[in-house]
J.: 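The structure follows.
So you know, we letter chains A, B, ... as the sequences are listed, proteins then strands, and number each from 1.
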Amino acid sequence: MKVITWNVNSVRQRGPRLLALLARHAPDVVCLQETKVEDADFPGADILEAGYHSVAFGQRAYNGVAILAREPLSDVRLGFRGDPVPGEARVLAATVGDLRVIDVYVVNGKGVGDPAYEVKLAWLDALADHLAATEDASRPIVVTGDFNVAPTDLDVHDPQLWAGKNLASAPERERLQRLLDWGLMDLGRAHAGDQAGPFTWWDYRMGAFHRGWGLRIDLMLGSAAVAERLVSVEVDREERKPTSGEGKPSDHAPVILTLRDQPS
DNA sequence: ATGTCACTTTACAAGTGA
């Protein structure tokens, strides 16, 4: 079974590349972030034609999440109680087969000391509270998406440069750890071991991708029932190249989780 | 570190969020 997460930075701009991704990897589940469209404009018909059901939770211009799946999606939940920014479409949960899928687009935070950074910390706390209150960590769960947090210095191309900065600061890493303490494993790190990266996001500016200036902020977190089925977590770096596919790339690369099939 | 991109608008260039 394959689960993909991808911050598309506008699903309208990334339409052809999204359909190509579905054809290339034939995933079972895809979580998208930063779709940037209201639900009426979400390309659900094109996605259905490609063989995928979908649920979208979007808004105009900003944020927006969606889950695609070969199998029907059930127990869909939009947003979460206690969200410090309830007007922003950032969390979508659905059940696919035996798997509970929670798609998240974490508040960016702008910079340490910015009011948005305090919102980010509160938001991560609220999400951890919500999961503990509403989900069962003993079941197969994947919490995935753009966390806007590089969990450790292994997840940063230049730890000295990023030390204490937004996306890599200790307070946000502590909040992420709270989430893990509830009963999740960072599957990407489990697969990569003590190797740096693999990175999933590179700034559009300064030729950052070409220079290897990346961060691992798009994460696959899994409960124990998922972690025991872990085969691999890989980054589709090709998708980040300007030359691959139709139109421009997102600033994030897709992350592909592969799980062993359930013994039946 | 900031050489870009996508979005929006008493729009046709400039601010914003990332």
J.: Look at A:Arg178 together with A:Asp129 and state whether they make a salt bridge at an N to O cut-off of under 4.0 Å.
T.: yes
J.: Other hydrophobic cluster members with A:Leu32, side-chain heavy atoms of Ile/Leu/Val/Met/Phe/Trp/Tyr under 4.5 Å, chained?
T.: A:Ile4, A:Trp6, A:Val8, A:Val11, A:Leu18, A:Leu19, A:Leu21, A:Leu22, A:Val30, A:Val37, A:Phe42, A:Ile47, A:Tyr52, A:Leu68, A:Ile256
J.: Given the C1' atoms of B:dG15 and B:dT10, what is the spacing between them in whole Å?
T.: 16 Å
J.: What integer number of Å spans the C1' atoms of B:dA11 and B:dT16?
T.: 15 Å
J.: Assign a letter to each nucleotide of nucleotides 1-14 of chain B from its 5' end: B, base within under 4.0 Å of a protein heavy atom; S, sugar-phosphate only; -, no contact.
T.: BBBBSSSSS-----
J.: Could you tell me whether A:Asp186 and A:Arg216 have a side-chain N and a carboxylate O separated by less than 4.0 Å?
T.: yes
J.: What pairs meet the side chain to side chain donor-acceptor pair (under 3.5 Å) rule with one or both residues in residues 10-20 of chain A, with sequence neighbours excluded?
T.: A:Arg17-A:Glu239
J.: Expressed as a whole number of Å, how far does the C1' atom of B:dC12 sit from that of B:dC7?
T.: 16 Å
J.: Taking any heavy-atom pair under 4.0 Å as a contact, classify A:Tyr105: base, sugar-phosphate, or nothing.
T.: sugar-phosphate
J.: Describe, in one word, how the ring planes of A:His130 and A:Phe80 are oriented to each other, choosing from parallel (under 30°), tilted (30 to 60°) and perpendicular (over 60°).
T.: tilted
J.: With rounding to whole Å, what would you report as the distance between B:dA6 and B:dT2 at their P atoms?
T.: 22 Å
J.: May I ask you to decide if the ring planes of A:Trp201 and A:Trp162 are parallel, tilted or perpendicular, using 30° and 60° as cut-offs?
T.: perpendicular
